[in-house]
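Take a look at the structure set out below.
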Amino acid sequence: MKLHNTLGRRTEDLVPIEAGHVRMYTCGPTVYNVAHIGNLRTFVFEDVLRRSLLLSGLSVTQVMNLTDVDDKTIRGAAAEGLALNEFTEKYAREFFRDLAILNVQPAEHYPRATDHVPEMIALIETLRERGHTYESDGSVWFRIATFPEYGKLSRIDLTAMRRGDRVADDEYEKEDVKDFALWKSAKPGEPSWRSPFGEGRPGWHIECSAMSMKFLGNRFDLHTGAVDNVFPHHENEIAQSEGATGEPFVDMWLHSEHLIVDGEKMSKSKGNFYTLADVLARRDDPGALRYLFLSVPYRKKLNFTWEGLTGAATAVDRIRSASARLAEVAAAGSSKPGAFDAASRAKTFLAAFRGALEDDLNTPEALGAVFPFLREVNSAIDENTLDAPGADAAGEALRTADQVLGILPAEREVLPAEIEAQIEARTDARRRRDFAEADRIRRDLASRGIVLEDGAAGTRWKKG
RNA sequence: GGCGACGUACCCAAGUGGUUAAGGGAGAGGUCUGCAAAACCUUUAUUCGGCGGUUCGAAUCCGCCCGUCGCCUCCA
């Protein structure tokens, strides 16, 4: 598995610290509002990473944090007159619901910042002992001058930074513009915790250092997020973690690019700010959005358009239809030896599919391997040269690919008996050549979201 | 100002030195079908933003130019 490491800006082989096992930390949400589709792109990227690692035969321990105390959550809770934890729980539930809808596999751990304040305090104390901090007005700051490697991830040039006007207006006192808060002194009416440095709350960056090292050890394999995390968040995490342990923190840093809408940055004022619910209201198929995400490499900007979503939905339907068709052929149990060597074709397909993913998660190329395979399989079915074992092998390959794609239905849905009866009645009508009645039933079911397709083997239905 | 990314058909997009430039969507024509849908077949880039250069050979490497965008400040 080759991955592009932001640290060094090179694509390199993943060599797990512990053979066969990958430990990864994926920066999670700040639970202060409903996720937008840009956030979701990042979470789907991390899901594809996880699933690709698993497909490659590696085991994975994934940690995703929930930031449930920071300026935004405190402000939001105050605005809604809720206790901080009531406020954040609401959005945490929304977050997990979105992930489930998008068929994102759960991580092993979802630590919340407020459950790990003692760990953060301990880490700050270590940094203090090692001379990386200073305090003023009850706040604790990381002194960047004590960490010479600062900037190695983002390649930021500190000498170019100047003390600007913004800093003069800052409510806190710090020595240098780039120094950042490890601990913020309590303000009236805000949640706070007791600490050796006084009442206060943790800074944002320290939570990820403390929680990642708690669950994954001082050094682990992968750390991911979206590009905007490179600076300052991840740069600061490195400074804190390596400053505290004196060891390398993370081997490979992966960052996904942003999603834009109609060529522009998503923003509420432009009216192009979409949540999952907005997308599903327009196209009730989470798989379509997932597919759309996968059709662009994670390191390229993704331009979301409704036209693109519609196209993705069509493509997803093709894959699902082919899968359903294969299941039918496999179930029909024809043992007549087929001329089409599905088993060997399935093998070459999967090799190409896997190869693409192992090349820095090249999902567009992986998808490019799917369709020629489907076309050949469909042709073989049309020409009656695919036998049941072959259909089984092809279907199995498709399900293997779907371990990463995540767009096939978990199992065949069963229709309500009443609808089944309608389909039966229509088959009868067609036998009687009462096409008016047959078309009436088909239209009726279509209006209820059930699309019928007549084939040689009978009538098949799908949701439309 | 500093750092960086990108520009391949109507749209999305793979391809980063060498067969006819993947694949998907959309459009057009056709086969099949009671009709439809699905599926399949055919079709849509002598060309990869522009101009130079390196090379036997470049979409792929180098330079310049044009254009789009990001980060440097909370932001996935």
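Side-chain atoms are counted along with the backbone in the values below, which use heavy atoms only and exclude waters and symmetry mates. In what follows, chains carry the letters A, B, and so on, assigned in the order in which the sequence lines appear, proteins first and then strands, with residues in each chain numbered from 1. Remember, predicted model here, so these are calculated numbers, not experimental data.
Atom C1' of nucleotide B/rU73 and atom NE2 of A/His205 are separated by 11 Å, given to the nearest angstrom. As a whole-Å value, the separation of A/Phe371 CZ from B/rC40 C1' is 16 Å. Between the CZ atom of A/Arg290 and the P atom of B/rC12 there is a distance of 23 Å, given to the nearest Å. Between A/Asp382 atom CG and B/rC41 atom P the separation is 9 Å, expressed in whole Å. Remark: P of B/rA76 and CZ of A/Phe293 are 14 Å apart, rounded to the nearest angstrom. Atom CG of A/Asp262 and atom P of B/rC69 are 14 Å apart (whole Å). Atom CG of A/Asn229 is separated from atom C1' of B/rC74 by 11 Å (rounded to the nearest Å).
The side chain of A/Thr42 lies closest to B/rA76, out of B/rC40, B/rA76, B/rA38. Nearest to the side-chain atoms of A/Arg460 among the listed nucleotides B/rA39, B/rG15, B/rA38 stands B/rA38. With distances taken from any side-chain atom of A/Lys72 to the nucleotides B/rC74, B/rA76, B/rC72, the minimum falls on B/rC74. Which of B/rA26, B/rG23, B/rA37 sits closest to the side chain of A/Thr314 comes down to B/rA26. Between B/rG34, B/rA13, B/rC75, one nucleotide has an atom nearer to the side chain of A/Pro297 than all others, and that is B/rA13. Checking B/rC12, B/rG24, B/rG34 against the side-chain heavy atoms of A/Ser295 singles out B/rC12 as nearest. When distances are taken from the side chain of A/Ala226 to each of B/rC74, B/rA76, B/rC12, the shortest belongs to B/rA76. Of the candidate nucleotides B/rC75, B/rG15, B/rC40, B/rG15 has the atom lying nearest to any side-chain atom of A/Glu365. The listed nucleotides are B/rG34, B/rG23, B/rA76; the one nearest the side chain of A/Arg375 is B/rG23.
Side-chain atoms of A/Asp71 stay outside donor-acceptor range of the base of B/rC74, with no qualifying N/O pair under 3.5 Å. The base of B/rA76 lies outside donor-acceptor range of the side chain of A/His255, with no N or O pair under 3.5 Å. No hydrogens or angles were tested; on distance alone, nothing pairs the side chain of A/Arg442 with the base of B/rA37 as donor and acceptor under 3.5 Å. At a cut-off of 3.5 angstrom, the base of B/rG70 holds no donor-acceptor pair with the side chain of A/Asp228.
Between B/rA14 and A/Lys300, a contact under 4.0 Å exists linking OP1 or OP2 to a side-chain N or O. The phosphate of B/rC40 (OP1 or OP2) has a side-chain N or O of A/Asn378 nearer than 4.0 angstrom. Regarding contacts with the backbone of B/rG24, a side-chain N or O of A/Arg318 is found under 4.0 angstrom from either OP1 or OP2.
The aromatic ring centres of A/Phe220 and A/Phe249 sit less than 6.0 Å apart. Taking the ring centroids of A/His4 and A/Tyr298, they lie at or beyond the 6.0 Å cut-off.
Here A/Phe435 lies parallel enough and close enough to stack on the base of B/rG34, with planes under 30° and ring centres under 5.5 Å apart.
Counting only N and O atoms by type, the side chains of A/Asp228 and A/His258 include a donor and acceptor under 3.5 Å apart. Side-chain contact, A/Ser241 with A/Ser209: a donor N or O sits under 3.5 Å from an acceptor N or O. No side-chain N or O of A/Ser185 forms a donor-acceptor pair with one of A/Asp137 less than 3.5 Å apart.
Using a 4.0 Å heavy-atom distance criterion, A/Asp454 is classed as a base contact. Residue-level contact check: A/Tyr32 touches the backbone only, with heavy atoms under 4.0 Å from sugar-phosphate atoms and none from bases. Residue contacts for A/Gly311: at a heavy-atom cut-off of 4.0 Å it reaches the sugar-phosphate backbone alone, with no base atom in range. Residue contacts for A/Arg426: at a heavy-atom cut-off of 4.0 Å it reaches a base atom on one of the strands shown. Counting any heavy atom pair closer than 4.0 Å across all strands shown, A/Asn362 reaches sugar-phosphate atoms only and no base atom. Among the heavy atoms of the strands, none lies under 4.0 Å from A/Pro29. A/Arg325 comes within 4.0 angstrom of the backbone, heavy atoms only, and of no base. Note on A/Ser379: only backbone sugar-phosphate atoms sit closer than 4.0 angstrom, heavy atoms only; bases stay farther off. Looking at heavy-atom distances under 4.0 Å, A/Leu302 makes no contact with the nucleic acid at all. Counting any heavy atom pair closer than 4.0 Å across all strands shown, A/Lys265 reaches a base atom. Across all strands shown, A/Gly308 has no heavy atoms under 4.0 Å from either base or sugar-phosphate atoms. Within 4.0 Å of A/Ile260, counting heavy atoms only, lies no atom of the nucleic acid at all. Within the 4.0 angstrom heavy-atom criterion, no nucleotide atom of any strand lies near A/Val230.
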Salt bridge (Lys or Arg N to Asp or Glu O under 4.0 Å) assessment of A/Lys2 paired with A/Glu358: CA-CA 6 Å; A/Lys2 287 190 296 181; A/Glu358 287 176 357; over 6 Å; no
Quick one: side chains of residues 439-446 of chain A, donor-acceptor pairs under 3.5 Å with protein atoms, not counting sequence neighbours, listed by atom name and distance.
| unit_1 | atom_1 | unit_2 | atom_2 | d |
| --- | --- | --- | --- | --- |
| A/Asp439 | OD1 | A/Arg442 | NH2 | 3.3 |
| A/Arg440 | NE | A/Glu437 | OE1 | 3.1 |
| A/Arg440 | NH2 | A/Glu437 | OE2 | 3.2 |
| A/Asp444 | OD2 | A/Gln422 | NE2 | 3.2 |
| A/Asp444 | OD2 | A/Arg448 | NH1 | 3.3 |

Residues 392-401 of chain A, side-chain donor-acceptor partners within the protein, below 3.5 Å, at least two apart:
| unit_1 | atom_1 | unit_2 | atom_2 | d |
| --- | --- | --- | --- | --- |
| A/Glu396 | OE1 | A/Arg399 | NH2 | 3.1 |
| A/Thr400 | OG1 | A/Glu396 | O | 3.0 |

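Pairing analysis of RNA chain B (Watson-Crick: purine N1 to pyrimidine N3 plus N6-O4 or O6-N4; G-U wobble: N1-O2 and O6-N3; both under 3.5 Å) yields stems of 3 or more pairs at B:1-7 with B:66-72, B:10-12 with B:23-25, B:26-31 with B:39-44, B:49-53 with B:61-65.
Not a single donor-acceptor pair under 3.5 Å links the side chain of A/Asp221 to the backbone N or O of A/Val22. A donor-acceptor pair is defined here as one N or O able to donate and one able to accept, closer than 3.5 Å; such a pair exists between the side chain of A/Asn103 and the backbone of A/Gly406.
Annotation: of the two residues near RNA chain B, A/Val451 and A/Thr305, the 5′-most nearest-nucleotide partner is A/Thr305.
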